[in-house]
Amino acid sequence: MKWFIAIVLAVVGTAYANEVTICHGMPDNTFIQDVSNCANWFRCTPNGPVPGTCPEPWLFNPATGGCDWAENVRCFQCSPTQPIESTRVEGSCVQFIRCINGRASQHACQNGLHFNEQSQQCDLPENANCSVQFSCPPNIPPGQMVAFRSQTNCSEFYICTGQGDPIAQSCNPALHFDPVTQQCTFPNMTDCSIGDNPGPGPGDPTTTPVPFICPSDGHHPHPTTCSSFIVCASGQPHFFNCSDGLHFNQRTSQCDLPSNANCVRT
């Protein structure tokens, strides 16, 4: 029985490790602020983010990567007048913060997708039109060298040394950079799919609301189509459409490639 449980836990751990999380592009042991609570943080590990809390009266300071006095920390705040609002994280094309009824949570678009500030959803890079200048994380020890893959090109990467600006580098155009091995390799040996086109979608998404009773606030799949979803705020349903060719992924609460969303509607 013990070996069976171990196998199940290993499979589950691998599945979550393959998901794009808020630690996307970050080295292990990087600390990220929890936007829902200024005292909380996440530590990036090979299996995803692990939560933690600063002891009172300190708050987590993302600029220093450690606990600090409240007057030195700028906390994220949702708009008090918008029931649903999404904001792209500064310096990233894939990470964003979503507010529902004033409560913030952070997310990351899955491989190959960027956050579209106009539609406030994950979208194809050519639709999102996102371009950011890469900045090295602040907590890399001086003398240590870490490479990060570009969010807009699978063959490009940046070298950070803990001091100075990032150094832009490129693989041979036929190769992709693998952040795990820190080397250029064949595309089938790494997980980058930036710019891949999933092909035509299942048809135009519906824009006509259907009768829907919110079971809880948050994201819910549309009952009749894969390319739409519903966000409930204060018990009221709000209907959204994914971009053409994308489906709503119930597991990640995002618009995603159909092969990841695994949605079937009849």
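Both backbone and side-chain heavy atoms feed into the values below; hydrogens, waters and symmetry mates do not.
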For this session: Sequence neighbours left out, what passes side-chain contact (heavy atoms from CB on, under 4.5 Å) with T185? Give chain and number order.
Result: D178, M189, T190
For this session: Quick one: pull up CG in D123 and CG in N116 and give me the separation to the nearest 0.5 Å.
Result: 4.5 Å
Exercise. Taking atom CD1 of I32 and atom CZ of F42, what is their separation to the nearest 0.5 Å?
Worked result: 8.5 Å
Problem set entry | L257 and L246, any side-chain heavy atoms less than 4.5 Å apart | yes
Exercise. Taking the side chain as C-beta and beyond, is there a heavy-atom pair between Q33 and F60 under 4.5 Å?
Worked result: yes
Problem set entry | Test item: side-chain donor near acceptor, S36 and D34, under 3.5 Å | yes
Exercise. Hey, are the side chains of F157 and C171 touching, using non-hydrogen atoms and a 4.5 Å cut-off?
Worked result: yes
Seminar exercise, completed: Closest non-hydrogen atoms of N249 and R251, given as atom of the first, atom of the second and distance, are OD1-N, 2.9 Å
Seminar exercise, completed: So ring-ring contact (aromatic ring centres under 6.0 Å, His included) across residues 70-100, not counting sequence neighbours, yields F96-H107, F96-F115
Exercise. Can you name the closest pair of heavy atoms from I97 and V89 and give their distance?
Worked result: CG1-CG2, 3.9 Å
Exercise. Where is the tightest heavy-atom contact between P237 and C232, given as atom of each residue plus distance?
Worked result: CA-SG, 4.3 Å
For this session: Show the numbers, then the answer: is there a side chain to side chain contact (heavy atoms under 4.5 Å, CB included) between W58 and W69?
Result: CA-CA 5 Å; W58 292 308; W69 297 108; 3.5 Å; yes
For this session: Apply side chain to side chain contact (heavy atoms under 4.5 Å, CB included) to I100 and H219, showing your working.
Result: CA-CA 10 Å; I100 299 179; H219 297 72; 3.8 Å; yes
For this session: State whether the number of non-hydrogen atoms from other residues, nucleotides or ligands found under 6.0 Å of N72 atom CG is greater than 12.
Result: yes
Problem set entry | Within-4.5 Å side-chain heavy-atom neighbours: R88 and Q95 | no
Exercise. Got a sec: does the CD of Q250 have more than 12 other heavy atoms crowding it under 6.0 Å?
Worked result: no
Exercise. Say you draw a straight line from CG of D68 to SG of C38; how long is it, rounded to the nearest 0.5 Å?
Worked result: 12.0 Å
Problem set entry | Closest contact, heavy atoms only, P55 versus C67 | CD-SG, 4.2 Å
Problem set entry | Sub-4.5 Å side-chain heavy-atom contact between W41 and P51 | no
Exercise. Between atom NE2 of H176 and atom SG of C154, what is the distance when rounded to the nearest 0.5 Å?
Worked result: 4.0 Å
For this session: Take V94 and L113, measure what side chain to side chain contact (heavy atoms under 4.5 Å, CB included) needs, and give me the verdict at the end.
Result: CA-CA 7 Å; V94 300; L113 302 181; over 6 Å; no
Exercise. C122 and C255: sulfurs closer than 2.5 Å?
Worked result: no
Exercise. Passes side-chain hydrogen bond (donor to acceptor under 3.5 Å, both in side chains), R98 versus S86? Steps please.
Worked result: CA-CA 4 Å; R98 178 158 289 160; S86 297; 2.8 Å; yes
Exercise. Does the pair Q254 and C109 meet the rule for a side chain to side chain contact (heavy atoms under 4.5 Å, CB included), with working shown?
Worked result: CA-CA 7 Å; Q254 301 169 21; C109 296; 4.3 Å; yes
Exercise. Of the non-hydrogen atoms in F248 and C263, which two are nearest, and what is the gap between them?
Worked result: O-CB, 4.4 Å
For this session: Spell out, as yes or no, whether a donor-acceptor pair under 3.5 Å connects the side chain of S234 to the backbone of Q236.
Result: no
Exercise. Any side-chain heavy atom of F177 within less than 4.5 Å of one from Q169?
Worked result: no
Exercise. Atom CG of D256 and atom SG of C226: how far apart are they, to the nearest 0.5 Å?
Worked result: 12.0 Å
Exercise. Centres of the F240 and F229 rings: under 6.0 Å?
Worked result: yes
Exercise. Do R265 and T225 have side-chain atoms, one donor and one acceptor, less than 3.5 Å apart?
Worked result: no
Exercise. Under the 3.5 angstrom rule, does the side chain of Q182 hit a backbone N or O of P179 as a donor-acceptor pair?
Worked result: yes
Seminar exercise, completed: Interatomic distance, CG@N127 vs CD@Q121, rounded to 0.5 Å, equals 11.0 Å
Exercise. Would you say the side chain of L59 lies within less than 4.5 Å of the side chain of C75, judging by non-hydrogen atoms?
Worked result: yes
Problem set entry | Shortest non-hydrogen separation from A104 to C99 and the atoms involved | CB-SG, 4.1 Å
Problem set entry | Student check: side-chain heavy atoms of L175 and S155 closer than 4.5 Å | no
